[in-house]
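One structure below.
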Amino acid sequence: MGSDERFVVLVGVVLVLSLMPFSMSDDAAVMKALRGSITSPGLNWTSADVCSWSNVRCDNGPGRVTAIQIPNLNLAGTLPKDLGQLGQLQHFDCRANNFTGAFPHLATTLQTLNINNNGFTSFPEDFFEGMSSLQVVSIGANSFSQWKVPESLKDCVSLTSFSAIGANFSGKIPEFFGSTGPFGSLQNLSLSFNNFDGGLPDSFSGSGIQHLWVNVLPGNNKLSGTLSVLQNMTSLRQIWVHGNNFTGPIPDFSNHDSLYDVSLRDNKLTGVVPESLVNLPSLKVVNLTNNRLQGPPPKFRDGVRVDDVINQGNQFCTNVIGGKCSEIVDILLKVVEPLGYPLMLAESWSGNDPCGGNGWMGIDCDGGIVRGINFQNKGFSGTISPSFAKLTNVTRLLLNNNRLTGTIPEELTTMPNLMVLDVSNNQLYGKVPKFREGVKVNTSGNPDIGKDKPSGGGGSSSGGVSGHTGVIVGVVVGILVLLVAGILLYKYCGKNKGGGKAQPPNAIVVHPRRSGEGDALKISVADATAAAAAASASASSPKSDVHHVEASNFVISIQVLRQVTNNFSQENILGKGGFGTVYKGELPDGTQIAVKRMESGVVGEGEKGLTEFNSEIAVLTKVRHRHLVELIGHCLDGHEGLLVYEYMPQGPLSRHLFDWKDEGIKPLEWKQRLIIALDVARGVEYLHNLAQQIFIHRDLKPSNILLGHDLRAKVSDFGLVRLAPEGQTSFETRLAGTFGYLAPEYAVTGRVTTKVDVYSFGVVLMEMITGRKAIDNSQQEENIHLVTWFRRMLLNKDSFRKAIDPAIDTVDEETLASVITVSDLAGHCCAREPYQRPDMGHVVNVLAPLVEVWKPTEPRGEDTFAINFDESLPEALSKWQAYEGTSTIDISSSSSSTSMLTSRDNTQSSIPNRPVGFAETFTSYDGR
Ligand SMILES: *[C@@H]1O[C@H](CO)[C@@H](O)[C@H](O)[C@H]1NC(C)=O
Ligand SMILES: *[C@@H]1O[C@H](CO)[C@@H](O)[C@H](O)[C@H]1NC(C)=O
Ligand SMILES: *[C@@H]1O[C@H](CO)[C@@H](O)[C@H](O)[C@H]1NC(C)=O
Ligand SMILES: *[C@@H]1O[C@H](CO)[C@@H](O)[C@H](O)[C@H]1NC(C)=O
Ligand SMILES: *[C@@H]1O[C@H](CO)[C@@H](O)[C@H](O)[C@H]1NC(C)=O
Ligand SMILES: *[C@@H]1O[C@H](CO)[C@@H](O)[C@H](O)[C@H]1NC(C)=O
C-alpha cells in the first residue's frame, strides 16, 4: 500500500484510540452493578459519587475508575460481566475473598491484577489479549478446572511478575516465559503447586528472572530433566524447585551474585555439591535434603541456614560435615562427572567403600580392591573421563553400548594393569591412542572413530527451536521498532516541512534561557526556582513528614532509607555526583540499592517544587532499558529529594579506566571496552529515539557509566537535568555538563541537541582507547585536552599506535583493526559541527559488528528487548511489595511507610522475598 494509505490507516488507528475512552459506557453504572453483586457483608458504598467510595480510585478524569482495591475483606459473590467496561481501570485487587463464578474480562488498560485466594471457577483464555501495560498478575489458589497457561499472556510485554500458585495448570511450562519470549522485564515467575510436566524450558537460559518457583508437594513430583539451564539464569535470587523429579547435578552458580535462597530438596539430584554453591557469598538459605547427592557433605558458611542434609536421604560418603571421602570414592566420582552422575549409579553408591556392603553398581571388586568398571548397556551419555586412568588396579574397563561422545583420552594408555578396554557401540571419534602391547581394545560400532571430527549426524536437536523463536521475536520487535521510528519520523517531518534543509528527527535546536553574562558554565541541575531556594531549604526538613505521591511512582519512606543506609553513614557513601551524594543500602532480603540524596535546593520551594519533582520522577520511572540504570523509587522528606537506584556492583567506568591500579583491579581488555561502548551507545540511542520522550543526557562521562558484575554497562543520571517535553521541538535549558566532555556549540551557545551527547560519547570512546582523561592536567600544555591531542594522533598511523592505552594487554592485528575503526568513529562523534556527527543509531551500527566478532553468540538477541513497553509501576514494586508484605498500591491509607516498618519487624522468617500477590493471607497454602 502507498504511503498515503498507510497514513490513513495510522490516522484511523489514532482516531479509534482517542475516541475510545469517550465512547465508553458509564463507569458509575458498572460500579453499581459490582456493588450489587457483592454479597455479605458488603462494603458501605452508598454515596452517589462512585469516586468517593472507599477502596476505589478515580484519577483519569471525572468519574473514570482507575483502581478497585478490595483485598481481604471477607467479601463473597460474583463479579459482573460488565466489569470490562471500566475503560480506564489500571489496578484490580480482590485477593483473599470468597468470590466465585467466572472471572470477567477487564479493560486492556490494566496494570496490576490480584485475584488469588478466591473461589473463581474459570478465567478467560483470551483475557490477556492486548494487555500491553499489564505488569503484575496473581491468579493462583482459585477453583479453576485444569487448563493451560493461556497463549494470550504473550501480549503482556510489560509483565514483571506472574504468580499462578495452585492455579491448576497442566502441560509444559511455556518457552515464552524465557529469554526468547516477549517479557523483557519478567522478574517473578511463581508456578508452584501446578501439574506441569516436562522440564525447565531451554529458553530460561539468559532470562532475567529473579524468583523462580516451580515447587510442588513431595509426591506430586512432575517436573523432570536437569537443572542445567539455571546456570545461565544469573539474575536469579531465589530458586524453589523442590518436590519435583529433577535429576543430574546441581549446576554451577558462580555467576549468581544475588542468589540467596536455593531450595532443591525432594528431587533426584546427584553428584557432588559444587563449590560455587557452597561458597556463594549471597547465600542465606539452602535446602538439599532427599536427593541423591554424593561426595563429601557440604560445609556452608556460618549464618547460612541449611536443612538437615546429613540425616535425610542423600548419598554423601560420610556423615561428618566437612569430612572427606576415600581416595577411591573421589576418583569414581570424577569418573562419572562427565556422565552427569547417572541416577542409577548414585542410588546404589552409598558409603565410603565401593567394595563394601553389596558393592556398588558397575564396580567390580576383588579382595576389597576395585578391579573392574562395568558400565555396559547403561544408556549413559557424556564423555569418557581421563580420571579413569587413576584407577590403577583396574584390568577391565567396559563402556560399550552407551551414547558416549568425544574421544578416547590418551591418559587411559597409562593404566598399568589394563587388559580390556571396550568402548564399542558409542558415538566416539578421533584417533585411538596407542595402548601397551597386550591390551585388548574394542572400538567397533563408533562410526566416526579415527576421524578428526564427528560427522554431526545425531544430537543436533537442541537450539533449533529456540533459535527459530528468537528470529521470530526479533522480526516482530524489528517491525515494532520500524513502526515507532516511522511514527516519530512522521511527527518530525510534518513539523519540519518547509524548513529548508530536512532535519533529522533528533536535530532539535534550542535557545536557552540565560541569565547574567559572565556565568559561562554553571554546573548545576535544577530550575531557577531551585537555585533561589538553595540557601534556605537545607536542614529544616520537618521531622518524618513523609509525602506520599501517587502510588504509581514508587514511594519509599525515609525511615526505610535511613535504616538500610545505616542512617546515611559515611561508610555507606558510594560517591558524590553532580546532584548529590550516593549511599549504598541493603534491604533485609539482600537486595542492594544505591540511594542518591539530592543536594538541598534541588527540590524547589513550596507545592510547585514538589509537584515538579514528582512529575519529573514520574517520567523517569517510565524510562527503562537494559543499558540505563533503573530508578527503583523515590522519597521526599520535606524538601529533600532522594532517588533509589539499582546498585551496580562494579562501580563507574572511570574506576576501571583511570583508577584500576589504585583499586587493585584488572584493567579492561579491549573487547570488554568494546562491549561497554556498545552498551552505552544503545542506552543513549534509546534516550534519543526510542523512549516516549526525547531525553538528552547532557552529562555523559565515565563516572556516569556504571558497570554490573558482568562488566556490562548502564548509563546513569540521565534525565536529571531537565526533560525534553514531549512533542516540543525546543525547550529552555540551563547549562549542565562537565568540562572536557562538552560539545563546543553547547559550551559556547548553550544550544542543546542530541548531538551534544554524541560528542560526549566520542570523548568517552577516546578515553577508552587511550586510557587518558578528557582533561589531563599532568600532560604538557598542548596535550591536556584529549580531543585535540587525539585528533592529532589520529592523523598518523605510527603515532596512533602509541596512543593506545598500554593497559590493553594484547594488541594483535585484529584488535588493532578494531581500535582503528572505533578511533575513526570517536573522531567522527567529536566533529566540530553538530551536523557532521553521526546519530547514536549509526554509532550502534558501527560498534555492533565489532562486538560480534568477539562474541559470536549473545545469549539473548541484543536488540530483542530494546523497546521498553513498560510504562508505569517500576519492576521493583514487586520486590518492595514483597518486603512490605502488603499491597503497595494502597489507596485507602496514607501510612504505608509505617506499615512497611511494622511488617518488617514482624517478620519472623528471614525468607523475605515473596513474589507479588502472595500476601500474608496466603498462609494456609504458602508455597512451601
Ligand atoms: C463505612 O463508612 C464508615 C463511615 O462512613 C467508616 O467509618 C467505615 O470504616 C466504613 N466501612 C468500610 C468497610 O469501609
Ligand atoms: C469463605 O467462606 C467460608 C465459609 O463460607 C469461610 O469459612 C472462609 O473463612 C471464607 N474465606 C474468606 C477468605 O473470607
Ligand atoms: C548457556 O549459555 C551458553 C552461551 O549462550 C550456551 O552455549 C549454553 O548451551 C547454555 N547452557 C544451557 C544449559 O542452557
Ligand atoms: C522421574 O523421572 C524418571 C526418569 O528420569 C522416571 O523414570 C520416573 O518415572 C519419574 N517419576 C515420576 C514420579 O514422574
Ligand atoms: C529450608 O530449610 C530451612 C532450614 O531448615 C527452613 O527454615 C526453610 O523453611 C526451608 N525452605 C523451604 C523452601 O523448604
Ligand atoms: C590399588 O591396590 C593397592 C593394593 O594392592 C592399594 O593400596 C591402592 O590403594 C589401590 N589403588 C587404587 C587407586 O585403587
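Whatever order the structure lists ligands and atoms in, that order sets their numbers, starting from 1.
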If you count heavy atoms of other groups shown closer than 6.0 angstrom to NZ of K334, is the number above 12?
no
Examine ligand 6 and decide if any of its atoms is less than 4.0 Å from a heavy atom belonging to E327.
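Contact check E327 vs ligand 6: negative.
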Consider ligand 6: state whether an atom of it lies below 4.0 angstrom from any non-hydrogen atom of I328.
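I328 counts as a contact of ligand 6 under the 4.0 Å cut-off.
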Between ligand 5 and R265, is the shortest N or O to N or O distance under 3.5 Å?
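Yes: some nitrogen or oxygen of R265 is under 3.5 Å from one in ligand 5.
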Please say whether N287 places an N or O atom under 3.5 Å from an N or O atom belonging to ligand 5.
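N/O-N/O distance below 3.5 Å exists for this pair.
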Can you sort out which atoms of ligand 6 are near [X], meaning under 4.0 Å from one of its heavy atoms?
X	result
K390	13 (C)
T392	11 (N), 13 (C)
I369	2 (O), 4 (C), 5 (O)

Ring pair (Phe, Tyr, Trp, His ring centres under 6.0 Å) evaluation trace for F177 with F162
CA-CA 10 Å; F177 282 122; F162 184 76; 5.5 Å; yes
N232: numbered ligand 3 atoms lying under 4.0 Å from its heavy atoms:
1 (C), 2 (O), 3 (C), 8 (C), 10 (C), 11 (N), 12 (C), 14 (O)
Could you tell me which atoms of ligand 5, counted from 1 in the order shown, lie closer than 4.0 angstrom to a heavy atom of [X]?
X	value
W240	13 (C)
R305	7 (O)
H242	13 (C)
D307	2 (O), 5 (O)

Below a 4.0 angstrom heavy-atom separation, can you tell me which part of S228, side chain or backbone, both or neither, approaches ligand 3?
both
Hey, is atom 2 (O) of ligand 6 touched by any protein heavy atom at less than 4.0 Å?
yes
Are the charged groups of K284 and D261 less than 4.0 angstrom apart, N to O?
no
salt_bridge(K222, D197) N-O dist < 4.0 Å
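Judged by the 4.0 Å cut-off on N to carboxylate O distance, K222 and D197 do not form a salt bridge.
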Checking [Y] against [X]: is there a side-chain donor and acceptor pair closer than 3.5 Å?
X	Y	value
T318	N352	no
N168	N195	yes
S192	S190	no
S276	D252	yes
H256	T234	no

For H242 and D266, what are the C-alpha separation, side-chain angles and deciding distance, and is it a side-chain hydrogen bond (donor to acceptor under 3.5 Å, both in side chains)?
CA-CA 5 Å; H242 47 270; D266 298 295; over 6 Å; no
Distance from atom 14 (O) of ligand 6 to nearest protein heavy atom, with residue and atom
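Its nearest protein heavy-atom neighbour is N393 ND2, 3.1 Å.
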